[in-house]
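Input: a single structure, listed below in structure tokens.
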Amino acid sequence: MADIVSVTRGSSPLVLSMPHPGTGLPAEVAAQLNARGTLVEDTDWHMRQLYGFAERFQPTIVEAQLSRFVIDLNRDPAGVSLYPGQATTELVPTTTFDGAPIWNTAPDETEIARRREAYFRPYHDALAAEIEHAKAQHGFCLLWDCHSIKAVIPRLFPGTLPTLNLGTNSGVSAAPAVEAAATAAMAGSSFTHVVNGRFKGGWITRHYGRPAEHVHALQMEIALSAYLEDEAAPWTFAPGKAASLQATLAAMIEAALAAATHIERTKS
């Protein structure tokens with residue numbers, strides 16, 4: 001299991017989900033990819049390093065080890081599009097975000113079903129278990145789904161993406177006060193930002209975010225340009241650029257945690 005998902009259990013209600021930082025490729029999958037596919041370029045690079053500041057919150061971290069090209073852990077396992085009418089990638093992507101083919105031998109339905117059981121299920125079993133553990137210990141869970149993406153991808157969105165893209169499935173996956181607290185902290189920064197814009201939250205946010213059941217889920221999609229030297233290989237982390245971003249993310253998480261704690265204590 002450790003080569004599929006790693007879990008670092010913390011002592012707070014905060015759970016950080018990291019479904020796309022992995023670059024691992026099982027041998028049978030690597031053999032099917034073309035040269036472009038083996039570059040695994042649509043990775044959410046350096047998530048653990050970027051969120052290193054979060055240690056102060058004592059979070060639980062659930063981190064995928066395999067590339068999203070194996071199977072995308074933030075897509076509906078039934079294969080239903082999360083963004084009908086908009087370009088996106090599938091449960092098992094057939095192309096890069098830019099639309100470049102990635103397979104010599106594209107996986108068929110039988111292979112996709114095998115990957116769903118072998119790779120998708122273990123991540124979500126682990127994530128669901130940690131959400132339930134947080135609820136058992138604290139009465140609620142704040143799930144922060146960590147993502148990043150290139151700022152310019154014409155196939156997916158026009159122009160340049162805002163640096164910070166907060167998603168709550170249009171207000172469904174977190175209590176309004178939690179979204180408002182995170183938004184206020186984000187708005188106080190110098191970064192361009194949007195709430196429930198192009199990225200409203202993927203399957204993780206939509207599936208687990210149930211405020212009535214004491215789980216508040218927010219997705220944070222960050223433009224890679226905010227913390228990398230360049231949005232291209234070798235995808236080098238830029239500590240100087242990242243510092244102000246990390247301060248803003250810390251303020252957002254702190255505000256969301258405080259709001260969620262207040263809501264849940266009021267309920268009880």
Side-chain angles (χ1 to χ4, degrees), residues 16-23 36-37 39-54 64 67-69 72-75 81-83 85-90 93-102 144-170 179 182-183 185-205 218-253:
L16 301 180
S17 165
M18 300 181 177
H20 296 146
T23 57
R36 183 71 177 266
L39 299 176
V40 295
E41 61 196 76
D42 293 335
T43 298
D44 293 0
W45 299 99
H46 305 294
M47 282 290 102
R48 283 299 284 261
Q49 188 171 0
L50 178 62
Y51 279 89
F53 69 85
S67 169
R68 73 189 301 155
F69 288 175
D72 194 328
L73 303 170
N74 200 31
R75 295 291 183 270
S81 175
L82 299 174
Y83 296 98
Q86 294 179 288
T88 186
T89 51
E90 307 91 337
T94 54
T95 69
T96 65
F97 288 151
D98 293 318
I102 60 173
W144 188 272
D145 202 34
C146 310
H147 296 267
S148 62
I149 193 169
K150 289 188 288 187
V152 178
I153 306 178
R155 177 174 171 266
L156 297 187
F157 47 81
T160 301
L161 192 71
T163 298
L164 301 176
N165 301 262
L166 183 67
T168 60
N169 192 23
S170 298
E179 178 187 306
T183 299
M186 180 172 65
S189 76
S190 61
F191 297 106
T192 56
H193 57 273
V194 68
V195 181
N196 292 310
R198 174 62 178 87
F199 299 103
K200 301 177 185 296
W203 193 76
I204 289 171
T205 304
L218 304 96
Q219 176 176 293
M220 174 47 63
E221 186 83 65
I222 303 168
L224 286 168
S225 57
Y227 71 94
L228 296 187
E229 294 289 355
D230 189 22
E231 291 191 341
W235 313 103
T236 304
F237 189 81
K241 292 173 70 175
S244 57
L245 173 62
Q246 290 169 316
T248 296
L249 293 173
M252 293 179 69
I253 291 173

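Values reported hereafter were calculated over all heavy atoms of this structure, with side chains retained and with hydrogens, waters and symmetry mates removed. Sequential numbering from 1 along the given sequence is applied to the chain's residues.
A salt bridge links Glu41 and Arg36; the closest N-O separation between the charged side-chain nitrogens and carboxylate oxygens is under 4.0 Å.
Side-chain atoms of Glu231 come within 3.5 Å of backbone N or O of Ser225 as a donor-acceptor pair. Formation of a donor-acceptor pair under 3.5 Å by the Lys150 side chain with backbone atoms of Leu224 is not found in this model. The main-chain N or O of Trp45 is never found under 3.5 Å from a side-chain atom of Thr43 such that the two would form a donor-acceptor pair. Asn196 places a side-chain N or O within 3.5 Å of a backbone atom of Ser170 that can act as its donor or acceptor partner.
For the pair Phe157 and Gln86, the minimum side-chain heavy-atom distance is 4.5 Å or more. Side-chain contact between Asp145 and Pro19: present, with at least one pair of heavy atoms (C-beta onward) separated by less than 4.5 Å. Using a 4.5 Å cut-off on side-chain heavy atoms (C-beta onward), Ile253 and Tyr51 make contact. Leu16 has its side chain out of reach of Met47: every pair of non-hydrogen atoms, C-beta onward, lies at least 4.5 Å apart.
By the ring pair (Phe, Tyr, Trp, His ring centres under 6.0 Å) test, Trp203 pairs with Phe120, His124, His207, sequence neighbours left out. With sequence neighbours left out, the ring pair (Phe, Tyr, Trp, His ring centres under 6.0 Å) criterion links His193 to no other residue.
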In sequence, state the C-alpha distance, the side-chain angles, and the governing distance for Gln49 and Tyr227, and then conclude on side-chain contact (heavy atoms from CB on, under 4.5 Å).
-> CA-CA 10 Å; Gln49 188 171 0; Tyr227 71 94; over 6 Å; no
Step by step, work out the side-chain contact (heavy atoms from CB on, under 4.5 Å) result for Asn165 and Ile149.
-> CA-CA 10 Å; Asn165 301 262; Ile149 193 169; 5.9 Å; no
Report the C-alpha separation of Leu82 and Lys200 in whole Å, then their side-chain angles, then the decisive distance to 0.1 Å, and conclude whether the side-chain contact (heavy atoms from CB on, under 4.5 Å) test is met.
-> CA-CA 9 Å; Leu82 299 174; Lys200 301 177 185 296; over 6 Å; no
Show your reasoning for whether side-chain contact (heavy atoms from CB on, under 4.5 Å) applies to Met18 and Leu50.
-> CA-CA 11 Å; Met18 300 181 177; Leu50 178 62; over 6 Å; no
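Looking only at atom types and distance, the side chain of Asp42 has no donor-acceptor partner in the side chain of Thr96 under 3.5 Å away. Under the 3.5 Å distance criterion, with hydrogens and angles disregarded, a donor-acceptor pair is assigned to the side chains of Asp72 and His20.
To the nearest 0.5 Å, the span separating CD1 on Ile204 from CH2 on Trp144 amounts to 14.5 Å.
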